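This report concerns only the one structure given below.
Keep in mind that what you see is a predicted model, and the values were worked out from it rather than measured.
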Amino acid sequence: MKTLILLFLLSVCIHQDNAFAQQAATVIDQNSTPVKIEPVESLKDFGIPFLKWSKETFQMEKKKKENMVEISGSFSEPVTSASINGKVLKVDQKGNFSYVVKYTGETNAFIISAVDQDKKNWRMNYRVVQETAAKLTLKVGDIVDEMAQIPRWRYSFGAGYTLISFRDYQDVILKQNTITLKGGVVYRAIDSVLDFGLSGFYNVFAMNSTSLGQTSVSGEKLRYLGLNARATYHVIEAPSNIRFNVSGGVYWNSSVGRLGFSDMIGPQIFPDVTYVFANGNSLYLYTKFAASISNARGLSFKTNREVATGLHYSFPVSRLNRMTVGVDVSQLSLDLDDAWASTNTYSLSTGISF
């Protein structure tokens, strides 16, 4: 009877915290990776003193499963011909040029050669280097903040309003409004591959409730405590603006009042997809599937389970912090040895990650 309400609240916390952490990371890597062009030390005495790059950093983007960088620059002195890796480099009358080079990891060097008006040959060996430790920029409205390297630990805190519609075998029908506090932490174990997370919630304030069944429970308060541990695998990551993750783990939750249940535990899996906009805002959608193996008749997803979905919008509010607002819907059922219960829940929530 009491299991179902708590499961939803846990769902809100799990996915809200996951959204905070995942979306916070997406701001920094966004749709492309910043790189810079630097000379190779072995050829530093050669050089092309009249070649200047158009900007300090360029953007590396994935095209057809390959990382490509469009570089551009100019020759401040007239040249009669120019080439890059032996291929003709088109130079306009003002000395400007652009070219797309492939980034292949450590072996990504390329050679630019030029012949000036005096028929003197110049050449220089360059390489593409990722700006992994460099500062990036992120536009937040009209403010441009300098972003540091992605932190390995991310934290989140939030609160939400939840409408719970509950019923059980004793013809108990209860609708209740609740306020839930939640928090979480995510550790980035392997960059763009694997995260570990821990989140929790407490149903801190149960507001007015309405009892509609023959068995009246009007005035009863529902309070719950829950924890969730999970691992998240990044299936599709940056530089794509569409991110896809699959998470799995276990949950525990328990009632701290007369109504509810004790020591609920079970496995869960939930895929999620995030779309990152050009300005760093993101839209996050998840679907959750969880089974109950404690206080239930058996491991049956048909009768002892939760299905949930949610949509969250995330946006940066400062240098490393993001706000998230979202809506969640959940349907739960539980079949005990001598009882059954089900719950539908609807939630609006907001939170911040840091």
Candidate pair Y275 and V273, rule side-chain contact (heavy atoms from CB on, under 4.5 Å), full reasoning: CA-CA 7 Å; Y275 182 84; V273 60; over 6 Å; no
W153 and Y155 aromatic ring geometry - parallel, tilted or perpendicular at 30°/60° bounds: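 Taking W153 first and then Y155, their aromatic rings lie parallel (interplane angle under 30°).
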Residue pair N281, Y313: steps toward the side-chain contact (heavy atoms from CB on, under 4.5 Å) verdict: CA-CA 8 Å; N281 296 357; Y313 187 77; 2.8 Å; yes
Show the nearest heavy-atom pair for residues [X] and [Y], with the distance to one decimal.
| X | Y | answer |
| --- | --- | --- |
| E66 | K102 | OE2-NZ, 3.2 Å |
| Q59 | P34 | OE1-N, 3.7 Å |
| L89 | S98 | CD1-O, 4.1 Å |
| Y251 | A291 | OH-O, 3.2 Å |
| K175 | S165 | CE-OG, 4.0 Å |

Kindly indicate whether the side chain of [X], heavy atoms from C-beta on, has any atom under 4.5 Å from the side chain of [Y].
| X | Y | value |
| --- | --- | --- |
| W53 | I71 | yes |
| V186 | R230 | yes |
| Y187 | D195 | no |
| Y202 | T180 | no |
| V246 | F270 | no |
| R154 | S353 | yes |
| Y233 | F244 | no |
| S74 | K94 | no |

Partner set under side-chain hydrogen bond (donor to acceptor under 3.5 Å, both in side chains) for S54, not counting sequence neighbours: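 Scan of S54 (side-chain hydrogen bond (donor to acceptor under 3.5 Å, both in side chains), adjacent residues dropped) gives S72.
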Set of residues satisfying side-chain hydrogen bond (donor to acceptor under 3.5 Å, both in side chains) with respect to N85, sequence neighbours excluded: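 With sequence neighbours excluded, N85 shows a side-chain hydrogen bond (donor to acceptor under 3.5 Å, both in side chains) to no residue whatsoever.
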Option among T274, D272, T232 that satisfies the side chain to side chain donor-acceptor pair (under 3.5 Å) test with N245: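 Going through T274, D272, T232 one by one, the side chain to side chain donor-acceptor pair (under 3.5 Å) with N245 is satisfied by D272 alone.
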Members besides V100 in its Ile/Leu/Val/Met/Phe/Trp/Tyr cluster (side-chain heavy atoms under 4.5 Å):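 Its cluster partners, ordered by chain and number, are M68.
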Pairs touching residues 77-90 that satisfy salt bridge (Lys or Arg N to Asp or Glu O under 4.0 Å), sequence neighbours left out: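 As it turns out, there is no salt bridge (Lys or Arg N to Asp or Glu O under 4.0 Å) pair with a partner in residues 77-90 once direct neighbours are skipped.
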Going by atom types alone, do [X] and [Y] pair a side-chain donor with an acceptor below 3.5 Å?
| X | Y | result |
| --- | --- | --- |
| R305 | Q331 | yes |
| Y286 | D328 | yes |
| E306 | S330 | yes |

Joint cluster assignment, [X] & [Y], ILVMFWY side-chain distance < 4.5 Å:
| X | Y | answer |
| --- | --- | --- |
| F315 | I352 | yes |
| V35 | I84 | yes |
| L163 | V204 | yes |

Listed partners of D116 passing side-chain contact (heavy atoms from CB on, under 4.5 Å), at least two apart: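 Result, side-chain contact (heavy atoms from CB on, under 4.5 Å) vs D116: D118, K120, W122.
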Check for a donor-acceptor pair, side chain of [X] on one end and backbone N or O of [Y] on the other, with a separation under 3.5 Å.
| X | Y | result |
| --- | --- | --- |
| T324 | T350 | no |
| S76 | F50 | yes |
| R152 | R188 | yes |
| S347 | Y161 | yes |
| S199 | G183 | no |

Quick one: [atom1] on [X] to [atom2] on [Y], what's the gap to the nearest 0.5 Å?
| X | Y | atom1 | atom2 | answer |
| --- | --- | --- | --- | --- |
| N241 | E61 | CG | CD | 10.0 Å |
| F289 | I269 | CZ | CD1 | 8.5 Å |
| N228 | L198 | CG | CG | 7.5 Å |
| L51 | M124 | CG | CE | 10.0 Å |
| S192 | I236 | OG | CD1 | 13.0 Å |
| L283 | F277 | CG | CZ | 5.5 Å |

Ring centre gap for Y99 and F110 strictly below 6.0 Å: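 Ring centroids of Y99 and F110 are no less than 6.0 Å from each other.
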Qualifying residues under salt bridge (Lys or Arg N to Asp or Glu O under 4.0 Å), relative to E38, sequence neighbours excluded: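 Counting only residues at least two positions away or on another chain, E38 forms a salt bridge (Lys or Arg N to Asp or Glu O under 4.0 Å) with R127.
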side-chain contact (heavy atoms from CB on, under 4.5 Å) assessment of S282 paired with R243: CA-CA 10 Å; S282 57; R243 316 295 166 79; over 6 Å; no
From CA spacing to verdict: side-chain contact (heavy atoms from CB on, under 4.5 Å), I112, I48: CA-CA 9 Å; I112 292 183; I48 307 177; 3.9 Å; yes
